[in-house]
Each structure stands twice: as C-alpha cells, then as structure tokens.
Amino acid sequence: KVVVRTQHKIQNNQNQKRTKLLLKKIVVLASMMAVINSTVSKVIMQKCSSLFTNDAVIQSILSMPWNIVYVAGSVLLHPFLMAFEGSILASRDLGYLVSSYGLTMGALLLLLRFKTAAFSEVWRSLLLFQVIRTVLFGWRVWTKTMRVGEEK
C-alpha cells in the first residue's frame, strides 16, 4: 500500500511538471502571437483603414490614437484568452466557462449601454471586456494548474 502511494505521488508530480511545462510553452506562443497581432492591427488602423470602409468619419475614428490603443490592447489579450479558454475546455470546466461568459457578457452590455456615449468608445468597452475575461480565465487556469497532481 505504501509503494502504491509512493508511485501515485511520483506520477502526480510528473503530471504537474508536464502540465506546467505545456502551459509555459502555450503562454510563450500566445505572447508571440499577441505582439505580432497587436502590431499588425495598429499598423492597419493607422495606415490602411480604407481597406474596411470608404466613410471618412469611420476612417477618422479608426485612426484616433486612443482607439488604436484600445484595439491593439484588445488584440494583444486575445491569444491569451484563446489559450486560457482552450485549457478550461480541455479540463471540461464548462460550468465555470458558462458562468464566466454570462458575467463578462453582462458587463459588456452594461458598459455599452451606460458608459458608451459615442461609437468611438466601443473600443474601450471591448478592451475592458477582454481584460475581465483575461483575469477570470487566467485565474482559473492558474489555480487549476497549481492543483494538478495534488492529493485529493
């Protein structure tokens, strides 16, 4: 019985190390994609907004400095969100995922309804939406990863 427990502890420790290494690799890859994507989105908004619309008002909104910051920030967070969401899905933590989406969608709708007076402010709401999701999903993945291999 002691030998089985020892083997179980060794296996759990190996699982925890592998899980942490995999998460580290995923975060590094997400970081690379985040930098590339946010840089490209910034360049597109600054120099190529006419690819999306011919409306001069919309083009001017897209090229406003704060809007560029908000969009680039949202795009910067997106690869991390996809990695964290994938981890949550892989662990079949669907209850948490659904409740997180309910909370974040509610927050986004409230932001859009009560704190967005102009079209140009939509980007700020999107960034806040992404920040909330990053905190919720990142926290869940981090706490779940730290518990891998622990005795129950």
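Note that these values count all heavy atoms, side chains included, but never hydrogens, waters or copies made by symmetry.
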Would a single hydrophobic cluster contain both [Y] and [X], if residues Ile, Leu, Val, Met, Phe, Trp and Tyr are joined by side-chain heavy-atom contacts under 4.5 Å?
| X | Y | result |
| --- | --- | --- |
| V75 | I68 | yes |
| L126 | L109 | no |
| I36 | V28 | no |
| F80 | L29 | no |
| F129 | V122 | yes |

Full working for side-chain hydrogen bond (donor to acceptor under 3.5 Å, both in side chains) between S49 and S63:
CA-CA 7 Å; S49 61; S63 63; 5.8 Å; no
CD1 of I132 to CG of L111, rounded to nearest 0.5 Å, is 6.0 Å
Separation between CZ (R113) and CG (L110), nearest 0.5 Å, reads 10.0 Å
* Yes or no on side-chain contact (heavy atoms from CB on, under 4.5 Å) for W123 and L62, after CA distance, side-chain angles and deciding distance? -> CA-CA 10 Å; W123 303 113; L62 288 175; 3.9 Å; yes
Distance-only criterion, 3.5 Å: show the donor-acceptor pairs between side-chain atoms of residues 38-46 and protein atoms not counting sequence neighbours.
unit_1 : atom_1 : unit_2 : atom_2 : d
S38    : OG     : A34    : O      : 2.9
S38    : OG     : V35    : O      : 3.3
T39    : OG1    : V35    : O      : 2.7
S41    : OG     : N37    : O      : 3.3
S41    : OG     : S38    : O      : 2.9

Show which side-chain atoms of residues 96-107 pair as donor or acceptor with protein atoms under 3.5 Å away, not counting sequence neighbours.
unit_1 : atom_1 : unit_2 : atom_2 : d
Y96    : OH     : L136   : O      : 2.8
S99    : OG     : G95    : O      : 3.0
S99    : OG     : Y96    : O      : 3.0
S100   : OG     : Y96    : O      : 2.8
Y101   : OH     : E85    : OE1    : 3.3
Y101   : OH     : E85    : OE2    : 2.6
Y101   : OH     : R133   : NH2    : 3.2
T104   : OG1    : S100   : O      : 3.0
T104   : OG1    : Y101   : O      : 3.2

Report yes or no: does T143 contribute a side-chain atom to a donor-acceptor pair with the main-chain N or O of R140 at less than 3.5 Å? yes
Does R124 use its side chain to pair, donor to acceptor, with the backbone of K115 at less than 3.5 Å? yes
For N54 and Q59 the tightest heavy-atom approach is CA-NE2, 3.8 Å
All heavy atoms of F84 vs all of V27, minimum pair found to be CE2-CG2, 4.4 Å
Tell me, do [X] and [Y] make a side-chain contact under 4.5 Å, heavy atoms counted?
| X | Y | answer |
| --- | --- | --- |
| I88 | F137 | yes |
| H78 | Q130 | yes |
| L127 | L77 | yes |

